[in-house]
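None of the values given here were measured: they were computed from a predicted structure. Protein chains get the first letters and strands the later ones, always in sequence-line order, with residue 1 at the start of each.
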There are 2 protein chains.
Amino acid sequence: MARGRSSSGRPTIRDVAERAQVSVATVSRILSGSYTAPPETQERVMKAVEALDYVVNANARSLNARSGLVAVVVNDITSPFFMNVASGVEEQAMADGRVCIVCSTQGVPERELSVIELLRARGVEAVILVGGMAEGEQHLGQLAAAAEALDRAGARMVLCGRSWAGPDAPIDVVESDVEGGAFAATNHLLSAGHTRVAHLAGPHEFSVARQRLHGYERALRAYGIEPDPALIASSDMTRETGYAAARTLLTGTDATAVFCANDMSAAGAVAAARDLGRSVPDDVSVVGFDDIPLAEDVYPGLTTVHVPQQELGRSATRLALHRRAGDPPRRHVMLGSHIVVRQSVAPPARLSGKGTP
Amino acid sequence: MARGRSSSGRPTIRDVAERAQVSVATVSRILSGSYTAPPETQERVMKAVEALDYVVNANARSLNARSGLVAVVVNDITSPFFMNVASGVEEQAMADGRVCIVCSTQGVPERELSVIELLRARGVEAVILVGGMAEGEQHLGQLAAAAEALDRAGARMVLCGRSWAGPDAPIDVVESDVEGGAFAATNHLLSAGHTRVAHLAGPHEFSVARQRLHGYERALRAYGIEPDPALIASSDMTRETGYAAARTLLTGTDATAVFCANDMSAAGAVAAARDLGRSVPDDVSVVGFDDIPLAEDVYPGLTTVHVPQQELGRSATRLALHRRAGDPPRRHVMLGSHIVVRQSVAPPARLSGKGTP
DNA sequence: CTGTTAGCGCCTTCAC
DNA sequence: GTGAAGGCGCTAACAG
């Protein structure tokens, strides 16, 4: 389906030109469409393209023009939350005529920087960093430097679902109201009558985890309850560590409800309760965070805080791509979140201490 | 942190050379490491690189050398199954010193071809197509042509979790024993005592869906049961369509068990049973396929066919990257699968027709 | 409308 | 050891 090219590799624009009996410039112009050629020539060229199975060399093209690439960087490609956000990015990128690729740090946060560099080397137009991450001062500094470098290359860095506490840098951020969501979630438990509400927190180095904790504590205080450190456990927001931490919480304390940092760890908590012979929600109520598809399938259906994942991704992409002259160097958008009530919350069990084993 | 470059964009190798007082050739050589320069010069260059925040232009480099890119193409970036496979690809690609990017057709199968072309344009070394897909004769022909084109460009196409029924083409394929898995799953139900076993099939255009159907029918026949078309419904393997199809199956037939094409639709089936007031597994047994993480969290835990998702991805990548002179143009590897028993299967309810409402 | 001529940023001979 | 020169595939600027 393609014979007689000059070299052995991919056919080049020169091969096409030769075959169509025109100059490379003509081929280039016809292919980029930005130009009206006589239908006859046009057809000759297209025919040659077909015959040779020619596709432009995007790399060579990127040497002169924009790359048209938007990249999403996630920590873990198998995380539903991340990938839902990524799909929002994808959607918006496509709508803006860009190509979207997703890269992962494979769970190694330090790799974030090298991935960004690699992306910069490829000339991407936007780098969208999704999700929380260790935020040591050094890392933030390097991230800021990376943002500067991208900026100089005409590319944009945007944080999605993570806030920025580093030095001033050309970075946009899109986040959802995590603290407010955590407040609402805790409040939901409180108003159901619970007084011993535990929190299955995320890693304390993550600002998003701290925001959840703050919302939780604020809700407690608003109810006149002083947060009890014994009721706060932490996990790394996976199902496994959530399971373990919840188990400790449920056996070691008199908690009748637990607000989890995300749905994954909440799923672990539900499993832990079940394994301990505690019924959810009769013996213990559970609230998650994120509202990933899983929330609907765990049993009982997980009451959780809905985070607009796709919209997070779409907004981030818009911020990166739709820039005009007057825009400030750092833009910030905050999306709202709300509770989705399913079946994992009920009033606390009869006062007759069914709560402590 | 980076001033005084010639132009305004990213710094080029020329800027580095200038600043380090050497020729671009020297910089190039030092950066590619393939060369011993006097430590003193070396250091001068590295210092300039740092100062300018220089990174090579990967696109320019790809003009001459290999791109080092491996691409996974999935239909839906939010599908756990696909992303688990993708993470296997990622792992192996990284182990082989390549960079992995994932692209999606965004649920539009026809887009598969354009994504492949785009990837070819970028000069990727391998394109790994994950998951089933409509396999019309025309599409297969175009896919074969795309494989040829990739091959000519020195790149490899490999199908992962999908078999190849198209014309001869330079394509490798890695699949798991779907038919065998379906046989085992159905057999599991049969040997638990069920005789009215339904099948919640996938789209009939997908070969992987047909393989499941065949395994199901073969198991039935091995038990002396002739497949009953009324017991076969189909969905597009999402939770929603699975729910709908299962609902029909459970209200319209006397099925006491259902073998689902994948875990997502099985989750839908479980939800449908629950909504109909049928207990799983007491009133109806359910078996899934794939063994995605969700299987553990639905209630009751889903008995399912384990598909080695990561290994599928790793193998595919190895096939693509580890080629030596004598290798045949089409390689094929088949991985095994096995049943994972959880709680969604039990013997059929008392003979007293509890099965029909 | 079309061809010719320069580069884009990098790597790679080939001389020195 | 190092520099100068040519070319990778493509687009843009400038003639005709």
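- Rounding to whole angstrom units, CG of residue Asn64(B) and P of dG9(D) are separated by 9 Å.
- Contact between the side-chain N/O atoms of Ser28(A) and the OP1/OP2 oxygens of dT11(D) is found at a separation under 4.0 Å.
- By the 4.0 Å N-to-carboxylate-O rule, Arg314(A) lies close enough to Glu311(A) to be salt-bridged with it.
- Of the charged side-chain nitrogens involved, none lies within less than 4.0 Å of a carboxylate oxygen, so that Arg14(A) and Glu18(A) do not count as a salt-bridged pair.
- For His139(B) and Glu110(B), the side-chain atoms include no donor-acceptor pair closer than 3.5 Å.
- Here Asp327(B) pairs with Arg331(B) in a salt bridge; the nearest charged N to carboxylate O distance falls below 4.0 Å.
- Using a 4.0 Å heavy-atom cutoff across all strands shown, Thr41(A) reaches sugar-phosphate atoms only and no base atom.
- Rounding to whole angstrom units, CD1 of residue Ile30(B) and C1' of dC10(C) are separated by 15 Å.
- Here the C1' atom of nucleotide dT2(C) and the CD atom of Gln21(A) are 14 Å apart, to the nearest Å.
- Of the charged side-chain nitrogens involved, at least one lies within less than 4.0 Å of a carboxylate oxygen, so that Asp53(B) and Arg120(A) count as a salt-bridged pair.
- Here dG9(D) presents its P atom at 8 Å from CG of Leu63(B), a figure rounded to the nearest Å.
- Put simply, CD on Glu18(A) is 15 Å from C1' on dG9(D), counting in whole angstrom units.
- Just one of Arg323(B), Arg162(B), Arg318(B) meets the salt bridge (Lys or Arg N to Asp or Glu O under 4.0 Å) condition when paired with Asp172(B); it is Arg323(B).
- For Ala25(B), counting side-chain heavy atoms from C-beta on, the closest listed nucleotide (dG9(C), dT2(C), dA4(D)) is dA4(D).
- Of the side-chain N and O atoms in Thr26(A), none sit less than 4.0 angstrom from OP1 or OP2 of dT2(C).
- The shortest heavy-atom contact between Val115(B) and Ser104(B) is CG2-O, 4.0 Å.
- With rounding to whole Å, Gln42(B) atom CD is found 14 Å from dT2(D) atom C1'.
- Using a 4.0 Å cut-off, some side-chain N or O of Arg14(B) falls inside it from OP1 or OP2 of dC8(C).
- Note on the helix from dC1(C)-dG16(D) to dC16(C)-dG1(D): angle between the axes of the first and last five pairs equals 40°, rounded to 10 degrees.
- A salt bridge is absent between Arg98(B) and Glu90(B); no separation between the charged side-chain nitrogens and carboxylate oxygens falls under 4.0 Å.
- A sub-4.0 Å separation between OP1 or OP2 of dG3(D) and a side-chain N or O of Ser23(B) is present.
- Taking atom CZ on Arg29(A) and atom P on dC10(D), their separation rounds to 15 Å, with Å as the unit.
- In the region residues 54-61 of chain B, proximity to DNA chain D at under 4.0 angstrom, judged on heavy atoms, holds for none of the residues.
- Here the closest heavy-atom approach between residue Ser163(B) and residue Ser207(B) is recorded as OG-OG, 3.4 Å.
- Rounding to whole angstrom units, CG of residue Leu31(A) and P of dG9(D) are separated by 15 Å.
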